[in-house]
Amino acid sequence: MTTSNITEYTNTRVLISKIPEGVAPNKDHFKTITVTETKPVLEEGSVFIKNVIFSLDPYIRHEFLPGTTQTPVIGFGIAKVLQSSNASFPVGSTFFGNLPWETYTTLSATALALVVPLQLDSELPLSVYNGVLGTSGFTVWDSLRRVADLKAGETIYISSAAGTLGQVAGQLAKRKGLRVIGSAGSDEKVAFLTSTLGFDAAFNYKTQDPRSALTSAVGPAGLDIYYDLVFDSTLETVLDILNPHGRIISVGIVAAHQGQAVAAPKNLINILMKQLRFEGYTVYENFDQWGLFCEEMTPLVKSGEIKYAETVVEGGVDVVVETYLNVMKGVYKGKVSVLTGAADL
Ligand SMILES: NC(=O)c1ccc[n+]([C@@H]2O[C@H](COP(=O)([O-])OP(=O)(O)OC[C@H]3O[C@@H](n4cnc5c(N)ncnc54)[C@H](OP(=O)(O)O)[C@@H]3O)[C@@H](O)[C@H]2O)c1
């Protein structure tokens with residue numbers, strides 16, 4: 001059966017149903033509906049797609065804003081074109097970008113201007129393009145190059161180190177000859193960091209006092225770089241222990257995704273006293289280096305020189321909410337994707 005024969009189809013979609021107040025979203029804040037829709041006649045430049053795999057990211061929490069109830073949740077993912085009136089996106093092509101959490105979507109030419117076409121490597125699973133070879137991997141690769149100024153022999157500390165970005169950050173810093181320290185929320189994740197990913201030291205921030213654990217892991221050489229994915233009170237500790245000319249690269253805000261208070265360090269004066277650099281990075285205006293990233297990172301991932309842990313949940317849009325809630329509880333290591341299955345219209 002070809003796409004063009006079908007006029008009606010069943011679409012499952014996740015909507016925001018309630019705004020969480022000062023807490024992470026729970027199942028009551030989402031509503032999953034299934035509707036029968038009529039396939040639209042495509043306007044010039046638009047495409048009809050199957051959303052093949054969703055990336056479940058903590059930042060989704062920030063979409064729950066006043067006025068968003070009954071609107072679809074939108075996150076990163078990969079789609080396959082089923083029907084096209086856009087020569088740049090022929091039938092069968094794939095791309096990643098912002099996609100509503102629903103089975104099928106019609107995207108306009110304006111929306112397509114913001115997606116990135118993918119050249120899939122048949123020897124790699126699709127999920128890597130959500131994680132280590134997707135925006136997450138690119139964010140780390142690019143922020144370390146542009147902002148961190150990594151130097152062999154220095155020591156870097158990475159928070160949320162067993163997460164998608166943290167795993168890549170640690171391994172890329174190791175490849176540059178740095179001493180790498182990470183923290184994570186379970187002993188199993190801590191062991192994964194040191195045994196599988198080659199971190200020099202790691203600690204469990206839930207069972208150990210982060211200030212003393214970090215100070216002791218750092219040792220007499222001190223700390224040169226903090227790759228911050230959490231933006232919590234650890235920042236104050238780091239400002240105290242960073243070496244002169246140290247750098248803080250602020251990339252993530254996991255604490256805020258959890259509805260926790262974000263850091264308000266009282267010792268910012270250390271930035272001046274120790275001539276520190278404290279710089280934020282967001283990926284959105286930096287995709288110009290995407291080609292170089294693919295060229296450098298794809299062989300490293302294929303050869304296993306860069307390792308990654310990830311979770312792929314199969315089951316379609318119906319399981320997206322439950323899987324997202326598990327992401328927020330720290331149930332998984334690394335990138336979590338929901339695979340909705342092959343295009344079946
Ligand atoms: N700046 C950018 O352009 C950019 C791009 C992509 C992502 N990001 C951000 O980078 C951050 C990390 O993203 P990711 O994809 O690596 O996340 P991820 O893979 O989903 O990992 C999130 C991890 O955070 C940990 N966590 C949860 N609560 C925590 C807490 N209170 N304190 C410390 N850790 C906690 C959990 O692991 P544990 O069990 O170890 O607690 C969880 O597995 C997010 O804030 C994301 O939005 C920024």
Side-chain angles (χ1 to χ4, degrees), residues 23-25 54-63 75-77 96 98 127 130-148 157-172 182-193 197 199 202-208 210 213-214 226-235 237-238 248-263 279-287 289-290 293 308-313 323-338:
V23 291
F54 296 107
S55 169
L56 300 198
D57 298 301
Y59 74 82
I60 295 293
R61 190 244 182 283
H62 302 288
E63 289 179 19
F76 264 114
F96 80 77
N98 276 315
S127 50
N130 272 349
V132 63
L133 290 180
T135 321
S136 304
F138 178 78
T139 299
V140 176
W141 176 87
D142 194 52
S143 61
L144 289 179
R145 286 169 75 244
R146 281 185 208 252
V147 187
Y157 164 53
I158 299 157
S159 51
S160 187
T164 315
L165 272 65
Q167 293 181 27
V168 181
Q171 293 179 87
L172 290 181
S183 57
S186 74
D187 292 344
E188 191 250 329
K189 288 185 183 183
V190 165
F192 166 74
L193 293 176
L197 300 188
F199 279 49
F203 63 90
N204 180 338
Y205 72 91
K206 287 185 180 164
T207 56
Q208 291 180 263
L214 181 58
Y226 177 31
Y227 194 81
D228 187 8
L229 294 169
V230 179
F231 215 97
D232 68 353
S233 58
T234 309
L235 206 43
T237 302
V238 165
I248 297 171
I249 323 303
S250 181
V251 177
I253 49 168
V254 170
H257 305 320
Q258 299 287 9
Q260 297 168 1
V262 294
E279 190 163 340
Y281 173 92
T282 64
V283 70
Y284 305 105
E285 50 192 59
N286 291 313
F287 279 117
Q289 295 299 310
W290 179 258
F293 161 74
Y308 60 93
E310 63 169 15
T311 304
V312 180
V313 178
T323 310
Y324 170 75
L325 296 175
N326 283 336
V327 169
M328 299 305 283
K329 289 181 202 148
V331 167
Y332 312 109
K333 284 196 293 278
K335 174 59 61 187
V336 181
S337 297
V338 168

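Worth knowing before you read on, the calculation uses all heavy atoms, side chains too, and leaves out hydrogens, waters and symmetry mates. Atoms within each ligand, like the ligands themselves, are counted from 1 in listed order.
In this structure, a donor-acceptor pair under 3.5 Å is absent between the side chains of T164 and Y308.
Not counting sequence neighbours, the partners of R146 by the salt bridge (charged side-chain N to carboxylate O under 4.0 Å, His left out) test are D142, D288. By the side chain to side chain contact (heavy atoms under 4.5 Å, CB included) test, V283 pairs with T135, F138, T139, Y281, F287, sequence neighbours left out. With sequence neighbours left out, K335 forms a salt bridge (charged side-chain N to carboxylate O under 4.0 Å, His left out) with D57.
Around ligand 1 you find P58, Y59, T139, S160, G163, T164, L165, A184, G185, K189, Y205, L229, V230, V251, G252, I253, V254, H257, Q258, Q260, Y281, T282, V283, V327, G330, Y332, G334, each with a heavy-atom distance below 4.0 Å.
No side-chain heavy atom of E310 sits under 4.5 Å from any side-chain heavy atom of N130. Side-chain contact check for V327 versus Y332: some heavy-atom pair is nearer than 4.5 Å.
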